[in-house]
Amino acid sequence: MAASPAVLDAARRLEFDRYLAALLAPASVRDDLMALAAMIGEINQIPVLATNPEHSLFRLQWWRDALGGFDPDKPTGHPIADPFGFAIKRYDLPVSLVFGMLDAAANNLNDQPFTDDAALRGHLAKSETAGFLLAARITGASSSAGLEQAALDGGTAYGLARLLHRLPADLARGDMPLPATLTAGAGVTPETLSVSLDVAPVHAALVTGVARLAGEAAAAHRRIAAGLGNLPKPARTALLPAILAPLYLQLVRQSRDPLREQHPIPPLGRLTRLLAAHSFGRFG
């Protein structure tokens with residue numbers, strides 16, 4: 001069954017990297033990768049649009065119930081949940097990975113920063129690495145040697161890069177996605193965030209922290225770029241969005257103020273990188 005307009009629209013609007021990667025995938029798995037992208041986008045959008053945390057938690061619980069107990073004979077009627085629910089059954093996808101994504105989205109409703117770097121990496125493993133592992137299951141690459149480490153590095157590189165790129169928007173909303181060990185040393189709390197960013201020493205400490213995390217993302221990308229060529233084509237297809245991490249990091253580094261200025265992603269740059277990786281195996 002071809003992906004519905006609702007699935008294509010959600011994937012394109014909310015997870016454009018994964019949407020483009022799915023377009024480059026073999027036709028046999030393309031629609032299910034689109035359903036995965038749409039599901040990830042819908043879940044991640046819940047905390048972004050949250051006006052009532054309790055209502056948002058209720059929505060996340062609905063997704064947990066709908067996907068955890070999905071019955072192909074009794075679909076929910078939801079235009080995104082049902083196509084992905086069928087994919088869960090078709091590929092025997094680990095629902096635990098989906099639940100981890102829902103936990104990560106719920107954590108994003110909390111206005112407290114991550115306690116430390118380890119907590120941030122754990123969050124990225126649930127939100128980003130899980131997406132790559134689910135994609136690998138769909139493409140038939142889940143048993144590939146080296147896949148789990150590549151997915152972990154991909155989740156770290158891609159997740160950190162996107163986090164840093166959208167940091168100005170998060171800070172403008174009053175969210176602090178950086179580890180508390182960094183922000184505490186800079187004298188920042190969620191309650192004082194709006195005024196603390198204007199204090200020169202605090203601002204400088206946070207910019208230093210951004211640079212450190214960008215370096216960690218770049219190192220993780222170098223690891224995945226070095227090993228991805230040794231993985232079979234289905235695994236590379238599943239991990240394809242991760243090769244965009246350097247593009248996001250380049251935009252962060254070009255910013256005069258990475259806490260306040262966000263450069264838009266050039267559509268051609270994104271597409272050419274994906275095409276080069278897909279066609280020629282250029283992951284660097």
Side-chain angles (χ1 to χ4, degrees), residues 15 17-37 39-40 67 84 86-101 103-104 117-163 213 215-249 270 273-284:
E15 285 290 331
D17 296 347
R18 289 186 169 94
Y19 168 80
L20 291 176
L23 287 178
L24 296 173
S28 59
V29 297
R30 186 176 302 145
D31 293 337
D32 292 313
L33 290 175
M34 284 292 183
L36 171 63
M39 183 276 297
I40 292 173
L67 297 178
F84 186 67
F86 285 115
I88 288 176
K89 297 301 181 182
R90 186 175 300 117
Y91 301 99
D92 192 24
L93 299 181
V95 180
S96 60
L97 292 177
V98 181
F99 287 173
M101 286 183 169
D103 291 340
D117 283 11
L120 173 57
R121 291 192 194 95
H123 176 82
L124 295 176
K126 288 182 176 180
S127 57
E128 300 290 356
T129 298
F132 292 136
L133 291 174
L134 287 169
R137 191 92 172 197
I138 291 172
T139 62
S142 58
S143 61
S144 302
L147 173 71
E148 289 196 10
Q149 185 60 51
L152 185 61
D153 287 334
T156 299
Y158 185 64
L160 275 179
R162 291 213 297 178
L163 181 152
L213 292 175
E216 292 182 11
H221 179 265
R222 286 193 294 270
R223 291 194 298 271
I224 188 176
L228 211 56
N230 298 323
L231 291 173
K233 187 68 176 287
R236 299 199 300 271
T237 297
L239 296 166
L240 194 57
I243 64 97
L244 294 175
L247 177 60
Y248 286 99
L249 294 175
R270 173 158 42 191
R273 284 173 184 260
L274 288 170
L275 284 171
H278 172 72
S279 303
F280 307 110
R282 296 176 183 167
F283 303 108

Item to check | Spacing of His123 atom NE2 and Leu163 atom CG [to the nearest 0.5 Å] | outcome: 7.5 Å
Item to check | Non-hydrogen side-chain atoms of Leu93 and Val98 separated by less than 4.5 Å | outcome: no
Next on the checklist: Once rounded to the nearest 0.5 Å, what's the spacing between atom CG of Leu134 and atom CD1 of Ile138?
Outcome noted: 6.5 Å
Checklist entry - With sequence neighbours left out, which residue pairs that include part of residues 150-160 fulfil the salt bridge (charged side-chain N to carboxylate O under 4.0 Å, His left out) condition? => result Asp153-Arg223
Item to check | Exercise: identify the closest heavy-atom pair between Leu147 and Ala136 | outcome: CD2-CB, 3.5 Å
Checklist entry - Does some side-chain heavy atom of Glu216 sit less than 4.5 Å from a side-chain heavy atom of Asp117? => result yes
Item to check | Atom of Ala217, atom of Ala157 and distance for their closest heavy-atom approach | outcome: O-CB, 3.5 Å
Checklist outcome for this item: Output for pair (Leu274 CG, Arg18 CZ), nearest 0.5 Å, gives 12.0 Å
Checklist outcome for this item: Interatomic distance, CZ@Arg270 vs CG@Leu20, rounded to 0.5 Å, equals 6.5 Å
Item to check | Distance-minimising heavy-atom pair for Met101 and Ala130 | outcome: CE-C, 3.8 Å
Next on the checklist: Please give me the minimum heavy-atom distance between Ala25 and Thr237, naming the atom from each residue.
Outcome noted: CB-CG2, 3.8 Å
Checklist entry - Who are the salt bridge (Lys or Arg N to Asp or Glu O under 4.0 Å) partners of Arg30, not counting sequence neighbours? => result none
Next on the checklist: Exactly one of Leu33, Leu24, Thr139 should register a side-chain contact (heavy atoms from CB on, under 4.5 Å) with Leu240. Which one does?
Outcome noted: Leu24
Checklist outcome for this item: Taken to the nearest 0.5 Å, the spacing of Ile40 CD1 from Glu128 CD works out to 7.5 Å
Checklist outcome for this item: Those residues at least two apart in sequence (or on a different chain) that pass side-chain hydrogen bond (donor to acceptor under 3.5 Å, both in side chains) with Tyr158 are Asp17, Arg162
Checklist entry - Between Leu67 and Met39, does a side chain to side chain contact (heavy atoms under 4.5 Å, CB included) hold up when you go through it step by step? => result CA-CA 10 Å; Leu67 297 178; Met39 183 276 297; 4.2 Å; yes
Next on the checklist: Quick one, Thr156 and Ile224 - any side-chain contact, counting heavy atoms below 4.5 Å?
Outcome noted: no
Checklist outcome for this item: On a heavy-atom basis, the closest approach of Leu231 and Ala145 is CD2-O, 3.1 Å
Item to check | Tyr19: ring-ring contact (aromatic ring centres under 6.0 Å, His included) partners, not counting sequence neighbours | outcome: Phe16
Item to check | Considering all heavy atoms, the nearest Ala141-Pro234 contact | outcome: CB-C, 3.7 Å
Item to check | With sequence neighbours excluded, residues passing side-chain hydrogen bond (donor to acceptor under 3.5 Å, both in side chains) with Asn230 | outcome: none
Item to check | Heavy-atom check, side chain of Lys233 versus side chain of His278, under 4.5 Å | outcome: yes
Checklist outcome for this item: The side chain to side chain contact (heavy atoms under 4.5 Å, CB included) partners of Ala151 (sequence neighbours excluded) come to Thr129, Phe132, Leu133, Leu239
Checklist entry - Can you tell if the side chain of Pro241 reaches within under 4.5 Å of the side chain of Glu15, non-hydrogen atoms only? => result no
